[in-house]
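Computed from a predicted model, the values in this text were never measured in an experiment.
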Amino acid sequence: MAEEEEIAKEIPEFVKKYVPGVKRGLAWAKYAREKKEGTAIKSEAYDDSKSEGYKAALEAPLGADSDQILKAATKELWAEAERLTEEVKEISETINNQNTKEERDEVLGLAKEAARKAGLQAAMAAGWEKGWEEGLIQREAKLD
């Protein structure tokens, strides 16, 4: 954000006022940076969770019903992702009810943050499931 602010300071006010593309360009640059950072965080969470699921599958008792273990392990992860998604929906529904642009921007920021949390939680649940599947495949290959 500091980089965009520095660039924005160098652009004369009359240019910002009469050339709307300048502000949009800065906004897109900020969005792209935030998107890249969010993707990296979710990717890391996915990989960490995948590793946990993989280890759990390798350590699961032989003959255990893997579907039940998977459901039990991921039930809370997915429930939390769903709860956070509902929170995003509730916040988003109130954005246009705000009286001023500042209030809308504030609520929009809350919705973005809630969406980031929901995405992160879903990445963790998906990673655990994928790791579990790969762990079961590895375990079965060792038995053959």
Can any side-chain N or O of R139 pair as donor or acceptor with the backbone N or O of A60 at less than 3.5 Å?
yes

Test your reading of the model: is there a side-chain donor-acceptor pair from S49 to the backbone of M124, 3.5 Å cut-off?
yes

Check A114 against I91 and note the closest heavy-atom contact, atom names and distance.
CB-CD1, 4.0 Å

Are E129 and W78 linked by a side-chain donor-acceptor pair shorter than 3.5 Å?
yes

Is it the case that the side chain of T74 and the backbone of L70 share a donor-acceptor pair, with hydrogens and angles ignored and the cut-off at 3.5 Å?
yes

From E133 atom CD to Q138 atom CD, the distance as rounded to the nearest 0.5 Å:
14.5 Å

So E52 and W128, do their side chains get closer than 4.5 Å, heavy atoms only?
yes

Donor-acceptor contact present, side-chain R104 to main-chain N96, <3.5 Å
no

Rounded to the nearest 0.5 Å, what's the gap from NZ on K112 to OG on S92? Could you check?
11.5 Å

For L136 and A57 the tightest heavy-atom approach is N-CB, 3.7 Å

Using a 4.5 Å cut-off on heavy atoms from C-beta on, say whether the side chain of E34 contacts that of R116.
yes

Carboxylate-amine/guanidinium contact E37 R33, below 4.0 Å
yes

I need the L108 CG to E103 CD distance, nearest 0.5 Å.
13.5 Å

Electrostatic pair E87:K117 at N-O distance under 4.0 angstrom:
no

Does a side-chain heavy-atom distance below 4.5 Å link Q98 with E106?
no

Distance check, rounded to the nearest 0.5 Å: L120 atom CG versus Y46 atom OH?
14.0 Å

Backbone N or O of T39 within a donor-acceptor pair of the S43 side chain at under 3.5 Å?
no

Heavy atoms of L84 and Q121 approach each other most closely as CD1-CB, 4.0 Å

Inspect the contact between R83 and E86 and indicate whether a charged nitrogen and a carboxylate oxygen are less than 4.0 angstrom apart.
no

